[in-house]
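What follows is a set of notes on a single structure, which appears directly below.
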There are 4 protein chains.
Amino acid sequence: MEMKKVRIGLIGAGRIGKLHGENLAHSVAQADLAAVADPMMNDEMRSWAESMGIKKCYDDPESILNDPEIDAIFICSATNTHADLIKRGALEGKHIFCEKPIDTDLKKIEETLEVVKKAGVKLQVGFVRRFDHNHKKVHDTVAEGRLGKVHVVKVTSRDPDHQSMEYIKVSGGIYMDMTIHDFDMVRYLAGSEVTEVMAYGAELSGAGYADFDDVDTTIVMMKFENGALGVIDNSRAAHYGYDQRTEVHCDKGCVQVANDRNDMSMISTADGVEISKPTWFFLERYNNAFISEAEEFTKAVLNDTPTLVNGNDGLAPVKIAMAAAKSLKEGCPVKVGDL
Amino acid sequence: MEMKKVRIGLIGAGRIGKLHGENLAHSVAQADLAAVADPMMNDEMRSWAESMGIKKCYDDPESILNDPEIDAIFICSATNTHADLIKRGALEGKHIFCEKPIDTDLKKIEETLEVVKKAGVKLQVGFVRRFDHNHKKVHDTVAEGRLGKVHVVKVTSRDPDHQSMEYIKVSGGIYMDMTIHDFDMVRYLAGSEVTEVMAYGAELSGAGYADFDDVDTTIVMMKFENGALGVIDNSRAAHYGYDQRTEVHCDKGCVQVANDRNDMSMISTADGVEISKPTWFFLERYNNAFISEAEEFTKAVLNDTPTLVNGNDGLAPVKIAMAAAKSLKEGCPVKVGDL
Amino acid sequence: MEMKKVRIGLIGAGRIGKLHGENLAHSVAQADLAAVADPMMNDEMRSWAESMGIKKCYDDPESILNDPEIDAIFICSATNTHADLIKRGALEGKHIFCEKPIDTDLKKIEETLEVVKKAGVKLQVGFVRRFDHNHKKVHDTVAEGRLGKVHVVKVTSRDPDHQSMEYIKVSGGIYMDMTIHDFDMVRYLAGSEVTEVMAYGAELSGAGYADFDDVDTTIVMMKFENGALGVIDNSRAAHYGYDQRTEVHCDKGCVQVANDRNDMSMISTADGVEISKPTWFFLERYNNAFISEAEEFTKAVLNDTPTLVNGNDGLAPVKIAMAAAKSLKEGCPVKVGDL
Amino acid sequence: MEMKKVRIGLIGAGRIGKLHGENLAHSVAQADLAAVADPMMNDEMRSWAESMGIKKCYDDPESILNDPEIDAIFICSATNTHADLIKRGALEGKHIFCEKPIDTDLKKIEETLEVVKKAGVKLQVGFVRRFDHNHKKVHDTVAEGRLGKVHVVKVTSRDPDHQSMEYIKVSGGIYMDMTIHDFDMVRYLAGSEVTEVMAYGAELSGAGYADFDDVDTTIVMMKFENGALGVIDNSRAAHYGYDQRTEVHCDKGCVQVANDRNDMSMISTADGVEISKPTWFFLERYNNAFISEAEEFTKAVLNDTPTLVNGNDGLAPVKIAMAAAKSLKEGCPVKVGDL
């Protein structure tokens, strides 16, 4: 018997779209990447699509949305198109994988989730770090209960180097653009909702963040519904690589993960001892996690099981990011429910 | 030529007093431990003193303070006697090593420091962790400037297990009793004063801290005068050992230290891979640091150089502890200067 | 301009053949996997071939060898067919990637290499470990000369668990089947030929190796032409995973690599501290190395540069394996040149 | 009740004698260091003795041997005096701690052990590494049986830098001077006697060892009575510190130890990641082990239990060293029993 596959249409063939496309084409056994749509569709994209075995290339996502041979869509287009595409996909009965964030407007997200709910289609949001072997090990160790109740969740998340100031200008600020991943992570690890945050932040690099009312360094403390406490620290420019560590302290002990390294070498001389640097950035670190998240999406569709990052998981970090931004601005703690 | 030694009188021969006494007697080359005074002086203490080669045993510290053959005193008595003994010692021209804290009353500390200043004697406060090989390596790496300006200071400090509730009852609360060491540590590592703190805390173990308006778990965020940010997390009961880690992120990279372990073993079987546990508690972890702090004190006295933990270093963490306690109570950030 | 690709025919579609096939189809950009031949060609293989985008399926390798549209062949068939297929491929002007070993008969290997040489085609032998990120880091660090002259090469290579005794019976013995990889590794790391070996070995597991005059545990010492010394230790059943470590000591220091682990986690409780196990076996550990070796082969073909594992690299470890087997049998050192 | 102490006379007050003396005076609770004898006794030694609280100073060991108030002697004099002093001590009924080696002449060692046996006194030989926290953890893990039968014992032992050629000239060669510690270690870890060795060695540094028929680098393989195999690698000049690692592979898994480091720091920048160097040499690495071996000796005396490194443990490594030297010279394996 032939294995059943999910027939997928890819919407958006930029950097992240191609990354998902290559994974769907080559590494996700239960995916059949059948179509791609991008408003900038051109020869280079068509050539890429051919090399991926994609038969249908469009410049309009509607061609995918209207295609009865498509079971599911991967939304990898610009953020401001996400919500509308989710709604259109849901109305056409397509299952939906959408890159984060769904939107930056709470009301719009809520409306969108309502449409998805009514349509009864699957929705998975692209918080890829949940599928990283390291963070997942932390989560699973906590979730299986052997360490008891959660006390403290700690997340260190530092990018290797500055993005361009053009990027920063339209990024939505550090909390919506960068810390949002960590807000998802703390919810995932704590198994509980964030109720309050307090943010400290500063521009310390002199790279120009202050010009856009933004910061390059922040520490955010938080309280969880289950009584646990949490803390995240971020930097836009660690310089030594992608510093992605998580740590959870519980009743009976703790689980933590170190960074993946380029290799496991140690070079010892009279001058000192060198080990290898952490992997450079998200493409290196979360390479396999991108494959896993796509695999899990196809499984949820084929087996009709809940997705592992659902609509509410797409909504909650946006709220926390807003609360954090408000806390930084006002210099006092902000309750997430008060937004 | 005979090496010059500092003739020392030990005041207080309880657990910490004996620890200092043994180090001064055996491991600090430039110390001559000549006398001990303890209000509970008894045969057991006299026998201990004899084994340490101490010739003079008293029940009244005045006998030491009035002894012209004594150059310096080690104050290891109850906290509420520290300030008075420092003042008496200073008036008698003795150099002074005093266990932390000087006092828990700011005004009393300030008066005491004034007396010390006028007397022109040395004062070193017992923040022993500055002399730990690991934390010192973090400090020295930052201080030598190779990593550039400080951005973020992180301190994890978790005790292995609960103290008795009798102890907690009179401890002065987690910030004055436990976090005070970490407030000293962040000042030491940041090379800057703390200007504001925000504290989250909770009793999560169910051991009874709430009965004394205290917590067993806390996270404290802080701002430094130089623009850097910091965070400390504490637990009264880590269970796996003494978790003492520091980490400083700077312009060009970071320096961090892992815990000392009981040994460097790794045992690998089909069931998993085990490494050794962190050293159990402060006696194991800070063993050599206690010797180093005493050595540095004798050097400061003999060479007439500033002590490495001076009166202001004794005062500042008390202020921060008060600010943190206030922040926890009021649920908002507290400026240290506003106390 | 379209990137030039190497059009490849795969000979043998068993476990290792499919592994190479999937890499060539999906992960090696400059490979065009055009055909597959297997004497057992059947529907399952044809279905697999289709999913890999392979257009031509045969049961006779001659169909590939005679195909003018094929530039290169991957020989993944049974060991006793390797030499003949290499010769046939060379005569047809195909470049050749051949799984190790070329043969177990020295004379036959030498004849084969002679044919390859005359034909002027590329030959790469499948010693995949040279392309592992860890071992390559050891090699490159030594080869770049910063540590000076090589003194000692150490290789630990331990399989996770016993193969079946059916496999062991026809394996050719531990040196030809297993240590042969390590003989290649020491040559690669030392940058010099092995001149003498001394082997100790024993069956220690009681699994039945002695019935086939074989051992499950061995230590082999060796001398290199450049004066360096080396040692390899092997076990057929480490139980905790695939233990693959290399270490080179030089004039000025050493470089060594630890095992890759399943993740970078550490779980600490009162009972102890656990870290993750080494990756289980060669599929997990050398996954990316298989891709790299195929990439390097296509580069050598397209750029007309020497392959990184040439014919002599295929011959030399066979000689060393024979010398080691003789040493174990006779209980004394054996010079490799005396075979 | 007063704790009983062993009254000890120290014979030889050179570097190692003073090291033992300081430990006995300050760190070994059940030791009473009462006397010291050294043929070169002078003011400096007397002053040292006074600072250690030693009351009796002699230039003739007979003064100690004849003193009825002395229970035990520590022999720290030149190697060629060890055997005679042991015999004299035994005849006077003193318990004996003797630095390694007892002698380099097998017959003389055997005679000496015979005298000790007849006298019924305790004898402990100074193989201090057995008391190192790391190697002891390896031993204890193996000895407690949880890993099953021993298969392979591996010891890496590399000194940080060359001794003077004057030292090398009279050292007795690398096996008797340096590897002897590792021969003791493999016996300790394997729990079995070495039956055969095979040695490879070379001078690779160009420092002049060959002038004295000696080598600076050696690898020694061995067989044990219980069927296990072993290997030791040595270098006289590792340059990066004291490389002291042990590893035992058993039926069900392995136990291994990494080097102690100066601290647990990690410094990460764009240029790379540095960790701390291994401790420099034996004084740094085996500091606490020297205290433990003295403590264990006093316990054996006070409790009338066997010493942990007995006379046979002093004899066996000398035999293995001789066999290794012969193997290196003759180029073939040597059975230890054939000497």
Heavy-atom pairs under 4.5 Å with chain C, option from A:V138, A:N259, A:T246, A:V273 with the top count | A:N259
One option among C:N134, C:D271, C:V248, C:T269 has the most heavy-atom pairs under 4.5 Å with chain A, and it is C:N134
Verify whether the ring centers belonging to C:F74 and C:F297 lie closer than 6.0 Å.
-> yes
Quick check, are the ring centers of C:F97 and C:H20 under 6.0 angstrom apart?
-> yes
Which bit of A:E22 comes within less than 4.5 Å of chain C, counting heavy atoms only: side chain, backbone, both or neither?
-> neither
Pick whichever of A:E274, A:R261, A:M52 has the most heavy-atom pairs under 4.5 Å with chain C.
-> A:E274
Interface check, chain C: of A:V255, A:D132, A:D260, most non-hydrogen pairs under 4.5 Å belong to A:V255
If only atom types and distance count, is the side chain of A:S192 paired as donor or acceptor with the main-chain N or O of A:N226 below 3.5 Å?
-> yes
Non-hydrogen atoms of C:V142 and C:C250 that approach each other most closely = CG2-SG, 4.3 Å
Quick one: which of C:A258, C:A25, C:G253 has the most heavy-atom pairs under 4.5 Å with chain A, could you say?
-> C:A258
Would you check if C:Y188 and C:V309 make a side-chain contact, meaning some heavy-atom pair closer than 4.5 Å?
-> no
Could you tell me which of C:G53, C:S27, C:S51, C:S265 has the largest number of non-hydrogen atom pairs under 4.5 Å with chain A?
-> C:S265
Structural part of A:A270 lying under 4.5 Å from a heavy atom of chain C = backbone
Where does A:L147 contact chain C at under 4.5 Å (heavy atoms): side chain, backbone, both or neither?
-> side chain
So, for C:N262 and C:P278, which heavy atoms are closest and what is the spacing to 0.1 Å?
-> ND2-O, 3.9 Å
Answer with side chain, backbone, both or neither: which region of A:R146 has an atom nearer than 4.5 Å to a non-hydrogen atom of chain C?
-> side chain
State which residue, out of A:H135, A:E293, A:H133, fulfils the side chain to side chain donor-acceptor pair (under 3.5 Å) condition with A:Y286.
-> A:H135
The interface call for A:K252 against chain C, heavy-atom contacts under 4.5 Å, is backbone
Out of A:D182, A:N234, A:D233, A:D243, which residue meets the side chain to side chain donor-acceptor pair (under 3.5 Å) rule with A:T156?
-> A:D233
Per-residue contact mode, A:T141 against chain C (heavy atom under 4.5 angstrom) = side chain
